Amino acid sequence: MPELPSRVLSFAVEGVLQPRPLSAPGRALCWAPALREVLLAAPDVQLLCHAPRLAAQAQENLGQLFGQRLLGWLPSQGQPYEMVQTWVTQHAPAAKLLMLDSDRRAYPREAEWDLLICEPHLGVSDPDILGAIEAWLLWSGWSPPA
């Protein structure tokens, strides 16, 4: 039986790993390497993508970039928070969770402690977001940026 993840980082693609809206095809997943780099310090963190309408090529590219730590993709039906919570409850009930998205409206108020909202034009290239992810990874007083 595989070991259950102890930490799960769930992410959207648009506005997190690439600009939203994507204005140039060459910018697709342009910030994914920044997330990969910050995650090198924490090999126990598993990843879950909650991106609706993710193209097969993007799925393949993310799989190549993140390898075995990418647990999969959630379906596009429903709200991201509910889908992620359901997945974690079913597959990793004891896991610590962090969600990255650029759409605050998609999350209820009670999600705020598990959620980092990225600026859609910066995503994880934003030093404040990278710093918050690093703090969460190191368990050193993580709190969402103001």
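We're numbering straight along the sequence, starting at 1. Atom set for the values below is all heavy atoms of this structure, side chains included, hydrogens, waters and symmetry mates excluded. No experiment lies behind these values; they were computed from the predicted model shown.
Proximity of Lys96 to Val8: side-chain heavy atoms (C-beta onward) are nowhere separated by under 4.5 Å. Considering only heavy atoms from C-beta on, Val13 comes within 4.5 Å of Cys49 through its side chain. Side chains of Phe11 and Leu62 form a contact here, defined as non-hydrogen atoms less than 4.5 Å apart. Between Leu39 and Leu137, the closest side-chain pair of non-hydrogen atoms falls below 4.5 Å. Asp101 has its side chain within reach of Pro80: a pair of non-hydrogen atoms, C-beta onward, lies under 4.5 Å apart. Taking the side chain as every heavy atom from C-beta outward, Gln18 and Glu14 approach each other to under 4.5 Å.
A cation-pi geometry, defined here as NZ or CZ lying under 6.0 Å from the six-membered ring centre and within 45° of its normal, holds between Arg7 and Trp136.
Taking hydrophobic clusters as Ile, Leu, Val, Met, Phe, Trp and Tyr residues chained together by side-chain heavy-atom distances below 4.5 Å, Leu98 shares a cluster with Leu70. In the hydrophobic cluster analysis, where Ile, Leu, Val, Met, Phe, Trp and Tyr join through side-chain heavy atoms closer than 4.5 angstrom, Trp73 is grouped apart from Leu22. A continuous path of Ile, Leu, Val, Met, Phe, Trp and Tyr side chains, each step under 4.5 Å between heavy atoms, connects Val38 with Leu29, placing both in one hydrophobic cluster.
Taking the six-membered ring where tryptophan is involved, the planes of His50 and Tyr107 are perpendicular, since the angle between them exceeds 60° and thus also 30°.
Shortest non-hydrogen contact noted between Val124 and Leu130 is O-CG, 3.0 Å. Smallest separation of non-hydrogen atoms from Gly15 and Arg20: N-CB, 3.6 Å. Heavy-atom minimum distance, Val84 versus Ser10: CG2-OG, 3.2 Å. Taking each heavy atom of Pro33 and Leu65 in turn, the nearest pair found is N-CD2, 4.1 Å.
Rounded to the nearest 0.5 Å, atoms SG (Cys118) and CZ (Arg104) are 13.0 Å apart.
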Q | Criterion side chain to side chain contact (heavy atoms under 4.5 Å, CB included) on Trp87 and Leu97, from CA distance to verdict | A | CA-CA 11 Å; Trp87 188 94; Leu97 173 66; over 6 Å; no

Q: Go through the steps to decide whether Ile133 and Leu100 satisfy the test side chain to side chain contact (heavy atoms under 4.5 Å, CB included), and finish with yes or no.
A: CA-CA 9 Å; Ile133 295 168; Leu100 303 176; 3.9 Å; yes

Q: Report the C-alpha distance between Leu47 and Leu71 in whole Å, list the side-chain angles of each, state the deciding distance to 0.1 Å, and finish with yes or no for side chain to side chain contact (heavy atoms under 4.5 Å, CB included).
A: CA-CA 6 Å; Leu47 305 173; Leu71 298 169; over 6 Å; no

Q: Show your working on side chain to side chain contact (heavy atoms under 4.5 Å, CB included) between Gln85 and Asp114 and close with a plain yes or no.
A: CA-CA 10 Å; Gln85 288 294 326; Asp114 299 328; 4.1 Å; yes

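Within a 6.0 Å sphere centred on CD of Gln64, heavy atoms belonging to other residues, nucleotides or ligands number more than 12. Within 6.0 Å of CZ in Arg69 there are more than 12 heavy atoms belonging to other residues, nucleotides or ligands.
For Ser102 (side chain) and Glu119 (main-chain N/O), no donor-acceptor pair under 3.5 Å exists by modelled atom type.
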